[in-house]
**Student:** 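Below is the structure I would like to discuss, written out as structure tokens.
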Amino acid sequence: YLCSIKKCVGHNIIYDILVLLRNWGFDITPFVYSDTILQKHAVDEERPFGLKDVGVKYLGSWANKAQEALYENIKKNGGKTTKENMEMYKADTLVLGEYCCFDVIITRKLFTLFEERIIAEGLVPLFYDEEIMPLYREVTIPMKMRGFDINVPYFEQLNKEINLDIDSLLSQVIEEISGEVKEFEEITLNKDYPIKPTGSFPKYYAEIINFELPKNKTGGVTLAK
């Protein structure tokens, strides 16, 4: 069957490629025609990207029904369904089979939907000939298969530099905002509610910034804390 494949379409198909290669020795990389997770990114760069979430967004709530049923079945059989520990092997065969079939149906429908948009937006050359799919087949998938070296000290240093930049920018933002807040206090609030720790000022200010003041035992607002 695998020898008869001419074109493959999947959602994050690199996962399926690695499973087939490592467990059965079949490499379907040359047959990969398209990947719906890349199609989705080409026409819509905003999250989500997971198959079920994308399916719900573009196809409707039915796209998540099989997954919900699978999770319930796994839990019924004493299994876990966390991201760190997904015990799919504890699902009943029929439930797991339905889940797999839904994955195929959702992927096929998303492929049709995104393919139409790629054509309509004139992205076919970029997606299939010039960049996205060629790079995926020739670079991304082989990198995932073989792994690659990382210069750990370089990235540790880069991380320190980025965090220093973040701290510096954060300080600038806080300084600018504090100036605006002070101006707001002096020009706007101080007219009707003079700045002081008692009376109406803190209550009105808390309302403006959507901050819930603590309550006393009778349910009234207390400013003591």
**Student:** With clusters defined by side-chain heavy atoms of hydrophobic residues (ILVMFWY) lying less than 4.5 Å apart, directly or transitively, does Ile141 cluster with Met143?
**Tutor:** no
**Student:** Would you find a donor on one side and an acceptor on the other, under 3.5 Å apart, between the side chain of Asp35 and the backbone of Ile13?
**Tutor:** yes
**Student:** Of all residues at least two apart in sequence or in a different chain, which pass the salt bridge (charged side-chain N to carboxylate O under 4.0 Å, His left out) check with Arg117?
**Tutor:** Glu121
**Student:** Can you list the residues that meet the side-chain contact (heavy atoms from CB on, under 4.5 Å) rule with Leu213, with sequence neighbours excluded?
**Tutor:** Lys203, Ala206, Phe211, Val221, Leu223
**Student:** Should Phe26 and Leu18 be regarded as members of a common hydrophobic cluster, given that ILVMFWY residues are connected when their side-chain heavy atoms come within less than 4.5 Å of each other, either directly or indirectly?
**Tutor:**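 Same cluster: Phe26 reaches Leu18 through Ile, Leu, Val, Met, Phe, Trp or Tyr contacts under 4.5 Å.
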**Student:** Following the transitive rule for hydrophobic clusters with a side-chain heavy-atom cut-off under 4.5 Å over Ile, Leu, Val, Met, Phe, Trp and Tyr, establish whether Met133 and Val9 coincide in one cluster.
**Tutor:** yes
**Student:** Which of these passes side chain to side chain contact (heavy atoms under 4.5 Å, CB included) with Cys8: Ile28, Thr29, Asp16?
**Tutor:**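 Of the listed options, the one satisfying the test is Ile28.
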**Student:** Nearest 0.5 angstrom please: Gln157 CD to Ile162 CD1, how far?
**Tutor:**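 Rounded to the nearest 0.5 Å, the CD-CD1 separation comes out at 10.5 Å.
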**Student:** Set out, in order, the CA-CA distance, both residues' side-chain angles and the distance that settles side chain to side chain contact (heavy atoms under 4.5 Å, CB included) for Met86 and Ile74, then state yes or no.
**Tutor:** CA-CA 9 Å; Met86 176 60 68; Ile74 292 172; 4.2 Å; yes
**Student:** According to side chain to side chain donor-acceptor pair (under 3.5 Å), who are the partners of Glu131, at least two apart in sequence or on a separate chain?
**Tutor:**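 Result, side chain to side chain donor-acceptor pair (under 3.5 Å) vs Glu131: none returned.
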**Student:** How far does OG1 of Thr140 sit from CG of Leu135, to the nearest 0.5 angstrom?
**Tutor:** 6.5 Å
**Student:** So which atom in Tyr128 and which in Tyr33 form the shortest heavy-atom distance, rounded to 0.1 Å?
**Tutor:** CE2-O, 3.3 Å
**Student:** What is the distance from atom CG of Leu170 to atom CG of Asn163, rounded to the nearest 0.5 Å?
**Tutor:**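 One finds 11.5 Å between CG of Leu170 and CG of Asn163.
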**Student:** Please assess Lys76 against Asn73 for the test side chain to side chain contact (heavy atoms under 4.5 Å, CB included), listing each intermediate value before the final yes or no.
**Tutor:** CA-CA 5 Å; Lys76 185 191 75 172; Asn73 185 250; 3.7 Å; yes
**Student:** Between Arg137 and Pro30 (side chain of the first, backbone of the second, donor and acceptor by atom type, cut-off under 3.5 Å), is there such a pair?
**Tutor:**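 No; zero donor-acceptor contacts below 3.5 Å.
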**Student:** Which residues satisfy the side chain to side chain donor-acceptor pair (under 3.5 Å) test with Glu84, sequence neighbours excluded?
**Tutor:**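 Side chain to side chain donor-acceptor pair (under 3.5 Å) list for Glu84, sorted by chain: empty.
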**Student:** Mind checking side chain to side chain donor-acceptor pair (under 3.5 Å) for Glu98 and listing every partner two or more places apart, or none if nothing turns up?
**Tutor:** none
**Student:** Check side-chain contact (heavy atoms from CB on, under 4.5 Å) between Gln172 and all other residues, then give those that pass, not counting sequence neighbours.
**Tutor:**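 For Gln172 the side-chain contact (heavy atoms from CB on, under 4.5 Å) partners, ignoring immediate neighbours, are Ser168, Leu169.
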**Student:** State, to 0.1 Å, how close Trp24 and Val19 come at their nearest heavy-atom pair, and which atoms those are.
**Tutor:**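 Answer, listing the atom of Trp24 first, then Val19: CE3-O, 4.0 Å.
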**Student:** Report the residues that fulfil side-chain contact (heavy atoms from CB on, under 4.5 Å) with Phe155, sequence neighbours left out, ordered by chain and then residue number.
**Tutor:**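 Partners of Phe155 under the side-chain contact (heavy atoms from CB on, under 4.5 Å) test: Ile150, Leu158.
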**Student:** Can you pull the salt bridge (Lys or Arg N to Asp or Glu O under 4.0 Å) pairs that have at least one residue in residues 58-73, sequence neighbours excluded?
**Tutor:** none
**Student:** Of all heavy-atom pairs between Phe127 and Ser34, which one has the smallest distance, and what is that distance?
**Tutor:** CE2-OG, 3.6 Å
**Student:** Which atom names give the shortest non-hydrogen contact between Thr107 and His11, and what distance separates them?
**Tutor:** CG2-N, 3.9 Å
**Student:** A quick test of your reading: do over 12 heavy atoms of other residues, nucleotides or ligands sit less than 6.0 Å from CG of Leu94?
**Tutor:** no
**Student:** Using only heavy-atom distances, determine whether the side chains of Asp92 and Asn77 contain a donor-acceptor pair under 3.5 Å.
**Tutor:** yes
**Student:** For Glu116, run the side chain to side chain contact (heavy atoms under 4.5 Å, CB included) check against Leu113, Thr112, Ile118 and tell me which one passes.
**Tutor:** Thr112
**Student:** Which atom pair, heavy atoms only, marks the closest approach of Pro134 to Asp129?
**Tutor:** CG-O, 3.5 Å
**Student:** Nearest 0.5 Å, what's the CD1-OG distance between Ile166 and Ser171?
**Tutor:**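 Reported to 0.5 Å precision, the distance equals 11.5 Å.
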**Student:** Cluster question for you: counting only ILVMFWY and a side-chain heavy-atom cut-off of under 4.5 Å, with indirect links fine, are Val104 and Ile14 together?
**Tutor:**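 No; Ile14 is not reachable from Val104 via cluster members.
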**Student:** Please name all residues satisfying salt bridge (charged side-chain N to carboxylate O under 4.0 Å, His left out) with Lys90, sequence neighbours left out, ordered by chain then number.
**Tutor:**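 Lys90 satisfies salt bridge (charged side-chain N to carboxylate O under 4.0 Å, His left out) with Glu87 only.
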**Student:** With sequence neighbours excluded, tell me which residues meet side-chain contact (heavy atoms from CB on, under 4.5 Å) with Asn151.
**Tutor:** Pro153, Tyr154
**Student:** Would you say Ile17 and Met145 make side-chain contact, with heavy atoms under 4.5 Å?
**Tutor:** yes
**Student:** Could you note down all residue pairs passing side chain to side chain donor-acceptor pair (under 3.5 Å) where residues 211-221 supplies at least one of them, sequence neighbours left out?
**Tutor:** Asn216-Thr218
**Student:** Can a donor-acceptor pair be found between the side chains of Asn159 and Glu156 at a distance below 3.5 Å?
**Tutor:** no
**Student:** First locate atom CD1 of Ile37, then atom CZ of Phe114, and finally report the distance between them rounded to the nearest 0.5 Å.
**Tutor:** 10.0 Å
**Student:** Let me have the donor-acceptor pairs involving side chains of residues 48-61, under 3.5 Å, with sequence neighbours excluded, atom names and distances please.
**Tutor:**
from	atom 1	to	atom 2	distance (Å)
Lys52	NZ	Tyr99	OH	3.2
Lys52	NZ	Asp103	OD1	2.9
Lys57	NZ	Asp44	OD2	2.9
Tyr58	OH	Asp44	OD2	2.7

**Student:** With a cut-off of 6.0 Å (strictly less than), are more than 12 heavy atoms of other residues, nucleotides or ligands near OH of Tyr15?
**Tutor:**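 Not more than 12 within 6.0 Å, no.
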**Student:** If only atom types and distance count, is the side chain of Lys40 paired as donor or acceptor with the main-chain N or O of Glu46 below 3.5 Å?
**Tutor:** yes
**Student:** Following the transitive rule for hydrophobic clusters with a side-chain heavy-atom cut-off under 4.5 Å over Ile, Leu, Val, Met, Phe, Trp and Tyr, establish whether Ile209 and Val173 coincide in one cluster.
**Tutor:**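 Same cluster: Ile209 reaches Val173 through Ile, Leu, Val, Met, Phe, Trp or Tyr contacts under 4.5 Å.
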**Student:** Has the side chain of Thr82 got a donor or acceptor atom that lies under 3.5 Å from a matching backbone atom of Asn85?
**Tutor:**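 Indeed, once roles are kept as given, a pair shorter than 3.5 Å links the two residues.
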**Student:** Which is it for Ile119 and Glu115 under the side chain to side chain contact (heavy atoms under 4.5 Å, CB included) test, yes or no, and what are the steps along the way?
**Tutor:** CA-CA 6 Å; Ile119 293 170; Glu115 188 80 338; 4.2 Å; yes
